[in-house]
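Given the structure is predicted, the values throughout are model-derived calculations rather than measurements. Each chain gets a letter, A, B and so on, in the order its sequence line appears, and its residues count up from 1.
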Number of protein chains: 4
Amino acid sequence: MAGSGFGNVFRMTTWGESHGKAVGVVVDGCPAGLFLTEEDVQAFLDRRRPGQSEFATKRGESDTVEILSGVFNGKTTGTPISLMVKNNDSHSKDYEALAKVYRPGHADYTFEQKYGFRDYRGGGRSSGRETVGRVAGGAVAVKLLQEFGVSFLTYTKAIGPVEMDPARFAAEEMGRNPLFMPDAVAAEKAEEYLRRCVKEQDSAGGVIECVVKGLPAGLGETVFDKTDALLAKAMLSIGAVKGFEMGDGLAAARMKGSENNDAFTSAGKATNHAGGVLGGMTDGSDLIFRVAVKPTPSIGREQETIDCNGKETKIVVGGRHDPVIVPRAVVVVECMAALVLADLLLLNASSTVDKLKRVYRPSSGGTDAHRDEQRK
Amino acid sequence: MAGSGFGNVFRMTTWGESHGKAVGVVVDGCPAGLFLTEEDVQAFLDRRRPGQSEFATKRGESDTVEILSGVFNGKTTGTPISLMVKNNDSHSKDYEALAKVYRPGHADYTFEQKYGFRDYRGGGRSSGRETVGRVAGGAVAVKLLQEFGVSFLTYTKAIGPVEMDPARFAAEEMGRNPLFMPDAVAAEKAEEYLRRCVKEQDSAGGVIECVVKGLPAGLGETVFDKTDALLAKAMLSIGAVKGFEMGDGLAAARMKGSENNDAFTSAGKATNHAGGVLGGMTDGSDLIFRVAVKPTPSIGREQETIDCNGKETKIVVGGRHDPVIVPRAVVVVECMAALVLADLLLLNASSTVDKLKRVYRPSSGGTDAHRDEQRK
Amino acid sequence: MAGSGFGNVFRMTTWGESHGKAVGVVVDGCPAGLFLTEEDVQAFLDRRRPGQSEFATKRGESDTVEILSGVFNGKTTGTPISLMVKNNDSHSKDYEALAKVYRPGHADYTFEQKYGFRDYRGGGRSSGRETVGRVAGGAVAVKLLQEFGVSFLTYTKAIGPVEMDPARFAAEEMGRNPLFMPDAVAAEKAEEYLRRCVKEQDSAGGVIECVVKGLPAGLGETVFDKTDALLAKAMLSIGAVKGFEMGDGLAAARMKGSENNDAFTSAGKATNHAGGVLGGMTDGSDLIFRVAVKPTPSIGREQETIDCNGKETKIVVGGRHDPVIVPRAVVVVECMAALVLADLLLLNASSTVDKLKRVYRPSSGGTDAHRDEQRK
Amino acid sequence: MAGSGFGNVFRMTTWGESHGKAVGVVVDGCPAGLFLTEEDVQAFLDRRRPGQSEFATKRGESDTVEILSGVFNGKTTGTPISLMVKNNDSHSKDYEALAKVYRPGHADYTFEQKYGFRDYRGGGRSSGRETVGRVAGGAVAVKLLQEFGVSFLTYTKAIGPVEMDPARFAAEEMGRNPLFMPDAVAAEKAEEYLRRCVKEQDSAGGVIECVVKGLPAGLGETVFDKTDALLAKAMLSIGAVKGFEMGDGLAAARMKGSENNDAFTSAGKATNHAGGVLGGMTDGSDLIFRVAVKPTPSIGREQETIDCNGKETKIVVGGRHDPVIVPRAVVVVECMAALVLADLLLLNASSTVDKLKRVYRPSSGGTDAHRDEQRK
């Protein structure tokens, strides 16, 4: 309710500030019997770890995760999984100058409006470091979904004005360039663009695309908790995200019904303009969505702002900042999507009396149909 | 949880199918002491009522709302407000032919995948008629927000490829054309476009923009329940919505930090690229967002599909359908936004100890600061 | 959240005041495919209907339920089930004299403290009539549980000081006396006691016991949402309930561990002091609990009270009141228990990866054990 | 939802097993601006710490709490407060013999029924050690309530058959005896009784009473989330609690209306049979409730049970156990009550439009009444 919890049946609560002692997450409602190790989670945290390229903050965090509860003999027990990552390399001094002025594009001003004061060190709770908890929690969700044949493909689709060319899509490229862009040509151009931004003490945004394969049909609720609605919430809850598109997204608004409808064939849908959902429920085809990420608001240039007394002043944002957060946000997008889908998978297990019978009366399956007949 | 509830403190639960006896909503958590009449709610329902233009379904519903509970002597009592609208003009026969085939672009297939069978009459719960409950509930939220100086401006920004020109924006135009478009020139072009669509037995989509004025700063939670995240969920939960943009939205992904950051000045923000939120909290400037609506999936043309046995077949969708739902969806967008904001307004009332003291110890305000001093 | 919603996955929201147009409930999250008719619900409402004995209010309500949504061709569709009962025989005039004084033992005073004013007609939302929604919603829960072999036995255990003798327990007696007491001798004494109360313009309380048979083991969550915790909440939420006991209840506090522990045997537990739960989870034996109901606060005698200006005055409560509500509350207790258990049944369907596989991969059951072996 | 979260607006999530690395709690939704130190929390943990008397387990835990987030410069920031206590003295070896048999009165059997297997070390998540998180979270709630003049008096009312005499009540006695019993005579008798239990390798239960002073009237919701309902849930969620009484509790069932009703006088209620709630809302008088605690199920005597294959066997429970948990549970009861009340305090801040105006338009208070007049 208070905003640091996410999900219903599969629910996580994250905690921690940029310059506090640690950041973490408690995952409550993960089914028992899932194989889970610290390595499983670490692999995801490594994908968002700072300091891995010239385009990421130099903050030197190993981001080593510890499982504090909920796992016994290598398997989840059904009780809350507490995951913690200590903060090691926080330079709080860098921020003292910022205690009384509001950085443009940041939550400084609004945080004070809401809470009366703020932990100004590194953005506090509104720092990108808050996503550590999301990624750790999401790693558990991905592990669970894998048991049901679900897999993710998430990548950088654009950096600033540089877009990848779908015709050149090559998944193996993603691991080869620091931008997680599955198109070597576009990645090179994007790197050039970013170097120019850095030189100009400026920053860039971009677009992330996520494709989810292997989902069962029927996930998602019919009215407010549609799969796409929950994904949209999940994505816009990520600090710098300003837009969300499901399937063809904004382009659909310009299409005609005859162009946008996906025909059903005996082999599945002929096209996938919808992006894998109909009426908010998964239709068994690939789930496809995109998010637009704004440029990092922390830039080296001098900017106009006000101080906490409303007086106009100039600000130069120090600290160590990413000129673009898109590459590091790729895994955050994937993890948030996994959290939505794991939750819906669990909830959907009780959507019909028949499913419940498979759980509680696995051997009586055959008789139901018979009895239904009689009742009619 | 099961998906027909929306909001936390200010919460509504909607119910009803297109061809059932009635549709309705229960609003739980509305503060006591709000003046509310059936006319207040009716005014909003009238904005979405069918049969008012050549571009809307001919279904003849008066959509008369009844307040069944929660209001006494013209004021809300703090107990659940039950609002009901009877269904009068449902032609269920039109749909019997569709009982065993799946309409492209509709929830027929996914509904059966999820629930095993479906109420095929008029789309059942996945019909646009489901939004009656949203609008009735949202009307209460708007009324509450008005008490705090909040107002809404929501309009059609584009129909298919025809976009309004911001330079020609004229609010009074909205009421003059059936498309709720605040630009007479664009509206006329859009009407022509729509007539062509109708002639071709095709349909159109479009874009809706919503501007909210007068919000206090600080609404919205800092992590998962950001104002923009909840708005995105609210919008994508509307049947045909495929995209959501906050402020500059997708365009922000191409901008540089120096262009996208809004400078603070002593008179407020110099620009509003962010659309009125920073770090998920309202910043006191106008809230601005847009949604992309797909073209109505029900079209007169013959389409390819399968039946419930997976066999390929053709379908011609009968019934009475809107060639474009954008104009009628304008009020739905406004109402869903109001529901999000009313909920956040209530929740935010307890975000600090000081606010709570204004509620519980209104006269002791002055002493706190004093005691804080001593404690330091 | 705002208090008129109950349950998580299987969730109901009730609405309506004693003297409003109607009372009702929306059940959201009921699995699809459950056979449900208005008669199923009516049978439960008839058990709480007023006017059926000399010990119940003479208010003449037929309490006829209407299913407004969520059922198609005799089966639940998975969408919200809206149930409504109209109020016919409300005598609001009786209550005008009470508008400005607070009835002792009632919610008049606290309602005004909370909400600033109140619907004083018949207690408004704090009337016993509010339980119509609970019973209608609970009837759906009972119907669902029956599909899984669960049954209820709920009865009056005591009226005032008159307790039934467990040695004389005879279930068939319940239907024969107006007190729902499964002991003819005690029932007769209780009736005499009640007649004396009526003559003295006074009222009586009592104890209700509920036994639930056939529950699967493992329902209930391990920490806060224990089966007994949720039952306790459900019971204390019923207007006049002042105490809750699980199994041996208060008596357990005086016992020694060696007396209170239930030994396990190969045929089940040797005893059932615990009342069917261990660590908050059902253990497969009968669930047994009791609730203590206070005497009806509305009595004909003159009482001391204050008016809304705080001035002392006398009050004589008019209107039509039950000298004892215990018999009519029996079905309310049963329905609230059913709502708790249906919700836990659904939630528990996803407590392990193995259960989820029975739902999503019913044919692959055998291979898991094998793979687990390999992994070890 | 999954059961390790508690509360709505003021919400905590606890985690951790008896023999895991640590136990902890995340408190989300605590208002900003509350002074909070580790000492504040430690004082509460010290009240439940083991090893402090001959009647408590000898497990040697210092139970030192660490604040990991949510506090800056000595004040809460509005973000999640993460509190952690490391486990130091867990003797997991003691429990290996118990891995394959079910201890009577424990959750061993039900845990396996629910989750398929269990962390058998020290009861895992179903251990009394789980309450560390509740107490740490509750300490924050108590601190918040103190700001509004609320105070708690919680004590042991009975140990086994030895009850305190209300006529001898002396609050200062509580700190003088290890049983937290405010009656020196009864405490001495209870100690003797317990020594006999220990000698007989047996255990005892008892009763805890809690009195809350200074609550504003109007807290609690009118239907399902009544103050007493939420307290009942909170109490029954504590491992060994088997019964709950509000005010006169079970005794009310035997009283007549004329005896049980509390008359209103200009100086408050003349009596307090109700225990401080009317219609589920606090009435401004003391809140009074009691809980019945069963005898510790871990006893030294040999008991009958079955193993995980259903074969009958004998069990002798080793490990270090409390012969009575009542004294250590006193603070748990207090903390759970505080969590319920803090949550209701926050939620109630938005129960009327007028309260919201005190928050958002503190200076406009006077005009509302005026306008209301005109509207009438």
Enquirer: When rounded to the nearest 0.5 angstrom, what distance separates OG1 in D/Thr222 from OH in C/Tyr115?
Expert: 4.0 Å
Enquirer: Out of D/Leu219, D/Val324, D/Thr352, D/Ile306, which one racks up the most heavy-atom pairs below 4.5 Å with chain C?
Expert: D/Ile306
Enquirer: Distance from C/Leu236 atom CG to D/Met235 atom CE, nearest 0.5 Å?
Expert: 11.0 Å
Enquirer: So which residue, D/Ala263, D/Ser203, D/Gly243, ends up with the most heavy-atom pairs under 4.5 Å with chain C?
Expert: D/Ser203
Enquirer: Can you give me the closest heavy-atom contact between D/Gly257 and C/Ile299, atom names plus distance?
Expert: C-CD1, 4.2 Å
Enquirer: Identify which part of C/Ser258 has an atom lying under 4.5 Å from any heavy atom of chain D, answering side chain, backbone, both or neither.
Expert: both
Enquirer: Which one of C/Thr305, C/Val291, C/Leu230 has the most heavy-atom pairs closer than 4.5 Å to chain D?
Expert: C/Thr305
Enquirer: If I measure from the heavy atoms of chain D, does C/Phe117 come under 4.5 Å with its side chain, its backbone, both, or neither?
Expert: neither
Enquirer: Any pair with a residue in residues 242-252 of chain D that passes salt bridge (charged side-chain N to carboxylate O under 4.0 Å, His left out), sequence neighbours left out, goes on the list, sorted by first then second residue, please.
Expert: D/Glu245-D/Arg290
Enquirer: Is it true that D/Glu304 and C/Lys269 make a salt bridge, defined as a side-chain N closer than 4.0 Å to a carboxylate O?
Expert: no
Enquirer: Would you mind telling me which of C/Gly220, C/Cys197, C/Ala251 has the largest number of heavy-atom pairs within less than 4.5 Å of chain D?
Expert: C/Gly220
Enquirer: Is any NZ, NE, NH1 or NH2 atom of the basic residue among D/Arg125 and C/Glu221 found under 4.0 Å from an Asp or Glu carboxylate oxygen of the other?
Expert: no
Enquirer: With a 4.5 Å cut-off on heavy-atom pairs, point out which of C/Gly116, C/Gly206, C/Ala204, C/Gly123 contacts chain D the most.
Expert: C/Gly206
Enquirer: Please rank C/Lys355, C/Lys114, C/Glu112, C/His106 by heavy-atom pairs under 4.5 Å with chain D and give me the top one.
Expert: C/Lys114
Enquirer: Test your reading of the model: is there a side-chain donor-acceptor pair from C/Thr110 to the backbone of D/Gly218, 3.5 Å cut-off?
Expert: no
Enquirer: Which of the residues C/Asn348, C/Thr296, C/Val326 is involved in the greatest number of heavy-atom pairs with chain D at under 4.5 angstrom?
Expert: C/Asn348
Enquirer: Just verifying a value: how many Å separate D/Ser237 OG and C/Lys233 NZ, rounded to the nearest 0.5 Å?
Expert: 12.5 Å
Enquirer: Please give me the minimum heavy-atom distance between C/Pro297 and D/Asn261, naming the atom from each residue.
Expert: O-ND2, 2.9 Å
Enquirer: Looking at every heavy atom in both D/Asn260 and C/Pro295, which two are closest together, and how far apart are they?
Expert: CB-CG, 3.7 Å
Enquirer: Counting only non-hydrogen atoms closer than 4.5 Å, does D/Lys226 touch chain C with its backbone (N, CA, C, O), its side chain (CB onward), both, or neither?
Expert: side chain
Enquirer: In terms of heavy-atom pairs under 4.5 Å, which option from D/Gly279, D/Ala270, D/Ala232 contacts chain C the most?
Expert: D/Ala232
Enquirer: When you look at D/Glu130 and C/Val223, which way does the side-chain contact (heavy atoms from CB on, under 4.5 Å) test go after all the steps?
Expert: CA-CA 8 Å; D/Glu130 166 263 316; C/Val223 182; 3.3 Å; yes
Enquirer: Which residues in residues 307-315 of chain D have any heavy atom closer than 4.5 Å to a heavy atom of chain C?
Expert: D/Gly310, D/Glu312
Enquirer: Pair D/Met246, C/Lys294 - check side-chain contact (heavy atoms from CB on, under 4.5 Å), show working.
Expert: CA-CA 11 Å; D/Met246 195 74 212; C/Lys294 75 173 183 181; over 6 Å; no
Enquirer: Looking only at heavy atoms, which two atoms of C/Arg103 and D/Phe264 are closest? And how far apart?
Expert: O-CE1, 3.8 Å
Enquirer: Counting heavy-atom pairs under 4.5 Å with chain C, which one of D/Gly205, D/Ser266, D/Gly275 comes out on top?
Expert: D/Ser266
Enquirer: C/Val207, C/Asp108, C/Thr265: which one forms the most heavy-atom pairs within less than 4.5 Å of chain D?
Expert: C/Thr265
Enquirer: Just grab all the ring pair (Phe, Tyr, Trp, His ring centres under 6.0 Å) pairs involving residues 223-253 of chain C, residues at least two apart or on different chains.
Expert: C/Phe224-D/Phe6, C/Phe244-C/Phe289
Enquirer: Rounded at 0.5 Å granularity, tell me how far CD1 in C/Ile238 sits from CG in D/Asp228.
Expert: 11.5 Å
Enquirer: Hey, what do you get for CD1 (D/Ile159) to CZ (C/Arg254), rounding to the nearest 0.5 Å?
Expert: 12.5 Å
Enquirer: Using distance alone, with no hydrogens and no angle criterion, decide if D/Asp283 and C/Gln113 have a side-chain donor and acceptor under 3.5 Å apart.
Expert: no
Enquirer: Does any heavy atom of chain D fall under 4.5 Å from the side chain of C/Ala274, the backbone, both, or neither of them?
Expert: both
Enquirer: Could you list the residues that satisfy salt bridge (charged side-chain N to carboxylate O under 4.0 Å, His left out) with C/Glu200, not counting sequence neighbours?
Expert: D/Lys256
Enquirer: Identify the two heavy atoms, one from D/Ala253 and one from C/Ala292, that lie closest to each other, and give their separation to 0.1 Å.
Expert: CB-CB, 4.1 Å
